[in-house]
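By convention here, the first residue in the shown sequence is residue 1. What you see is a predicted model; the values in this text were computed from it and never measured.
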Amino acid sequence: MQFDAKEDFKQNLHKVKKNCHFDRRYIVELKAEIFIAAAMSIKRRTILKVIDEIGFDEPVRSVLVNYVGEVEECKEDNRLLEMVQGN
């Protein structure tokens with residue numbers, strides 16, 4: 001069985017939504033999953049599609065979409081690679 005990064009990302013976001021919805025760490029956990037997905041080279045378009053498929057309510061959806069943009073900027077500036085490597 002081949003590892004499907006998109007499906008894994010989708011399952012992880014769904015777990016966070018289900019298990020941490022009323023937890024104050026909710027947004028932090030979601031952002032962490034987005035960061036991991038970007039580090040695994042999942043494309044921005046795919047990340048946004050998964051966010052829409054799971055169906056986050058506002059303002060959570062807006063926060064996540066904005067964060068995807070921030071991560072994408074880091075990716076373009078090679079800062080994401082530096083963060084992943086811990087430099």
Side-chain angles (χ1 to χ4, degrees):
M1 188 168 128
Q2 187 176 3
F3 178 72
D4 183 353
K6 177 191 172 196
E7 193 57 37
D8 185 58
F9 170 61
K10 186 175 182 178
Q11 288 175 0
N12 289 342
L13 275 190
H14 187 68
K15 282 181 201 172
V16 171
K17 182 179 180 185
K18 179 181 170 190
N19 297 332
C20 301
H21 188 70
F22 296 106
D23 193 324
R24 65 181 189 194
R25 298 172 306 161
Y26 183 53
I27 297 295
V28 173
E29 295 284 337
L30 293 171
K31 285 181 172 183
E33 292 299 332
I34 290 169
F35 181 85
I36 292 166
M40 293 174 55
S41 299
I42 296 176
K43 294 183 172 155
R44 180 177 199 262
R45 166 179 74 242
T46 303
I47 293 172
L48 293 173
K49 183 178 178 184
V50 169
I51 289 170
D52 286 339
E53 286 175 4
I54 292 178
F56 291 98
D57 295 329
E58 292 297 337
V60 173
R61 184 189 177 285
S62 293
V63 168
L64 297 179
V65 169
N66 288 338
Y67 186 68
V68 171
E70 290 175 29
V71 170
E72 190 66 24
E73 286 177 20
C74 289
K75 213 173 178 182
E76 290 171 1
D77 296 345
N78 291 324
R79 287 182 290 162
L80 183 64
L81 182 60
E82 291 173 7
M83 287 187 216
V84 170
Q85 292 175 343
N87 293 334

Do you know which two heavy atoms are closest between A38 and V71, and how far apart they sit?
CB-CG1, 3.3 Å
From L13 CG over to I54 CD1, what is the distance, rounded to the nearest 0.5 angstrom?
4.5 Å
Taking every non-hydrogen atom, the tightest pair across I51 and F56
O-CD1, 3.6 Å
Working to the nearest 0.5 angstrom, can you tell me the gap between E72 CD and R45 CZ?
10.5 Å
NZ (K31) and CG (N66) are apart, to the nearest 0.5 Å, by 9.0 Å
Listed by chain and number, what are the side-chain hydrogen bond (donor to acceptor under 3.5 Å, both in side chains) partners of R44, not counting sequence neighbours?
none
Just how far is it from atom CG of D8 to atom CD1 of I42, taken to the nearest 0.5 Å?
7.5 Å
Output for pair (E33 CD, K15 NZ), nearest 0.5 Å, gives 9.0 Å
Quick one: pull up CG in D57 and NZ in K17 and give me the separation to the nearest 0.5 Å.
6.0 Å
Are V28 and L64 linked, directly or through other ILVMFWY residues, by side chains that come within less than 4.5 angstrom of each other?
no
Please report the closest heavy-atom contact between Y26 and V16, naming both atoms and the distance.
CE1-O, 3.8 Å
In short, Y67 meets I34 closest at the heavy-atom pair CD2-CG2, 3.8 Å
